[in-house]
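This is a predicted model, so every value here is computed, not measured. These values consider heavy atoms only, across backbone and side chains, with no hydrogens, waters or symmetry-generated copies.
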Amino acid sequence: MKKNKPSFLIFAISLAMLSACNHRYYAPNSIQIPHLKNQHDAMISGGIGFGPEYSAWEAQAVYSPIKHGAVMVNYFTASSDRDKINDATGLSEWGKGNFVEVGLGGYQSLNQNSVLSIFGGVGKGNSYNFFGAERFADLNFRRLFFQTGLSTQYKFLHLGLGLRLCHLQFTNGLVDYKIDEIDRQIIERIREDSPMWLPEYAFQFGWRIGPVLLNNTLTYSPSNSGQKDARFAGSNIQLGVVFDLHHFWKKGE
């Protein structure tokens, strides 16, 4: 069976110029590692993230409507410095992207402090890069994910480990052919390699203050880092705040 390729509409053909700026076409959002133990447990979080040549903010939520079952939602938006100037062209170049996903899964307490979780889901995103002088590349993608996480909490300390396997597919896009030749080649390579499987790992640690968790999450993708030809960002460091909503609900009972 012939493999379907994403369709990128290419227009405005002209001569290429050399670029001194790197543009990113994908960055990993932080892996959510929930610590759920009972039905109606819920957590919401928000934070800022940093990665190679971009900054981001994220919002995440997870809720357990039934014992051992849960639904999660993750939102991620990122952008580069809009004041970045390409030394070769003297033009301002920048990029931005956003992503939203939902997942279903389950969890099981291993002991008094640790919880194992497994989730799977789907999300959609967009990557927009501006190359100056009205030149741009606007790409859409879809991502399926399967993940497992181990969360451990003590009175004041939180630790987490996560592994996520992503099936990333760039579905379509609009690319101005006046962009630099190297960037056109990168986008074409992404098109040829799509869909692709990407493993991503996360390490999480934080400090608990009652129902509030001050959290730090490092998400790392060795395939992205090694896949320099695709210009994927290989890491994301998030500084976030997590609220255990069930603690507030219990106080209201």
Regarding [X] and [Y], is there a side-chain donor-to-acceptor distance under 3.5 Å anywhere?
| X | Y | result |
| --- | --- | --- |
| Thr152 | Ser114 | yes |
| Thr217 | Gln204 | yes |
| Ser30 | Gln60 | yes |

Considering non-hydrogen atoms only, spot the tightest contact between [X] and [Y] and give its length.
| X | Y | answer |
| --- | --- | --- |
| Phe76 | Ala27 | CE2-O, 4.1 Å |
| Gln39 | Pro65 | NE2-O, 3.0 Å |
| Ala233 | Pro28 | O-CD, 3.2 Å |
| Met196 | Ile190 | CE-O, 4.1 Å |
| Ser151 | Pro34 | CB-O, 3.7 Å |
| Ile44 | Ala61 | CG2-CB, 4.0 Å |

Assess whether side chain to side chain contact (heavy atoms under 4.5 Å, CB included) is satisfied between Ile186 and Arg231, documenting all intermediate values.
CA-CA 7 Å; Ile186 290 169; Arg231 293 271 178 87; 3.4 Å; yes
Parallel, tilted or perpendicular: ring planes of Tyr128 versus Trp94, cut at 30 and 60 degrees
tilted
With distance as the sole test, does [X] use its side chain to make a donor-acceptor pair with the main-chain N or O of [Y] at under 3.5 Å?
| X | Y | result |
| --- | --- | --- |
| Lys67 | Lys37 | yes |
| Ser80 | Tyr54 | no |
| Ser64 | Ile66 | yes |
| Thr148 | Leu116 | no |

Measuring from [X]:[atom1] to [Y]:[atom2], what's the distance to the nearest 0.5 Å?
| X | Y | atom1 | atom2 | result |
| --- | --- | --- | --- | --- |
| Leu150 | Leu110 | CG | CG | 6.5 Å |
| Ile118 | Leu104 | CD1 | CG | 13.5 Å |
| Ser117 | Gln32 | OG | CD | 9.0 Å |
| Ser127 | Phe99 | OG | CZ | 12.5 Å |
| Gln185 | Glu192 | CD | CD | 10.5 Å |
| Ser194 | Leu139 | OG | CG | 10.0 Å |

Suppose we call two aromatic rings close when their centres sit under 6.0 Å apart. Are Phe170 and Phe141 close by that rule?
yes
Are Phe130 and Phe136 an aromatic pair, judged by ring center distance below 6.0 Å?
no
Just so I know, are the side chains of [X] and [Y] near enough to count as touching, which here means a heavy-atom distance under 4.5 Å?
| X | Y | answer |
| --- | --- | --- |
| Val241 | Phe243 | yes |
| Ser235 | Pro52 | yes |
| Asn74 | Val100 | no |
| His40 | His246 | no |

By side chain to side chain contact (heavy atoms under 4.5 Å, CB included) - contacts of Val122 (at least two apart):
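Checked Val122 against side chain to side chain contact (heavy atoms under 4.5 Å, CB included); matches are Arg142, Leu144.
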Tell me who clusters with [X], hydrophobic residues only, linked when side chains sit under 4.5 Å apart either directly or through other members.
| X | value |
| --- | --- |
| Ile237 | Leu218 |
| Met72 | Leu36, Met43, Val62, Tyr107, Val115, Phe119, Phe145, Leu213, Val242 |
| Ile31 | Ile33 |
| Leu159 | Tyr154, Leu157, Leu161, Phe203, Phe205, Trp207 |

Does the ring-ring contact (aromatic ring centres under 6.0 Å, His included) test come out yes or no for Phe146 and His167, once each step is laid out?
CA-CA 9 Å; Phe146 305 94; His167 182 264; 8.9 Å; no
Salt bridge between Arg184 and Glu181, side-chain N to carboxylate O under 4.0 Å?
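No salt bridge links Arg184 with Glu181.
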Hey, mind stepping through Ile187 and Ile179 against side chain to side chain contact (heavy atoms under 4.5 Å, CB included) and telling me if it holds?
CA-CA 11 Å; Ile187 294 172; Ile179 68 174; 3.9 Å; yes
According to the salt bridge (Lys or Arg N to Asp or Glu O under 4.0 Å) rule, which pairs have a member within [range], sequence neighbours left out?
| range | answer |
| --- | --- |
| residues 155-164 | Arg164-Glu200 |
| residues 201-219 | Arg208-Asp244 |
| residues 97-115 | Glu101-Arg143 |

Taking only residues two or more places apart in sequence or in another chain, which ones pass salt bridge (charged side-chain N to carboxylate O under 4.0 Å, His left out) with Glu58?
none
If the condition is ring pair (Phe, Tyr, Trp, His ring centres under 6.0 Å), which residues does Tyr75 pass it with, not counting sequence neighbours?
Trp57
With sequence neighbours excluded, tell me which residues meet side chain to side chain donor-acceptor pair (under 3.5 Å) with Asn126.
Asp138, Asn140
What residues form a side chain to side chain donor-acceptor pair (under 3.5 Å) with Tyr25, not counting sequence neighbours?
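With sequence neighbours excluded, Tyr25 shows a side chain to side chain donor-acceptor pair (under 3.5 Å) to Asp183, given in chain and number order.
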Over 12 non-hydrogen atoms of neighbours within 6.0 angstrom of NZ in Lys124
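At most 12 heavy atoms, drawn from other residues, nucleotides or ligands, come within 6.0 Å of this atom.
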Looking at Asn129, Asp176, Asp180, which one forms a side chain to side chain donor-acceptor pair (under 3.5 Å) with Arg135?
Asp180
If you apply the rule side chain to side chain contact (heavy atoms under 4.5 Å, CB included), what do you find for His158 with Asn215, and how did you get there?
CA-CA 8 Å; His158 170 89; Asn215 212 23; 3.5 Å; yes
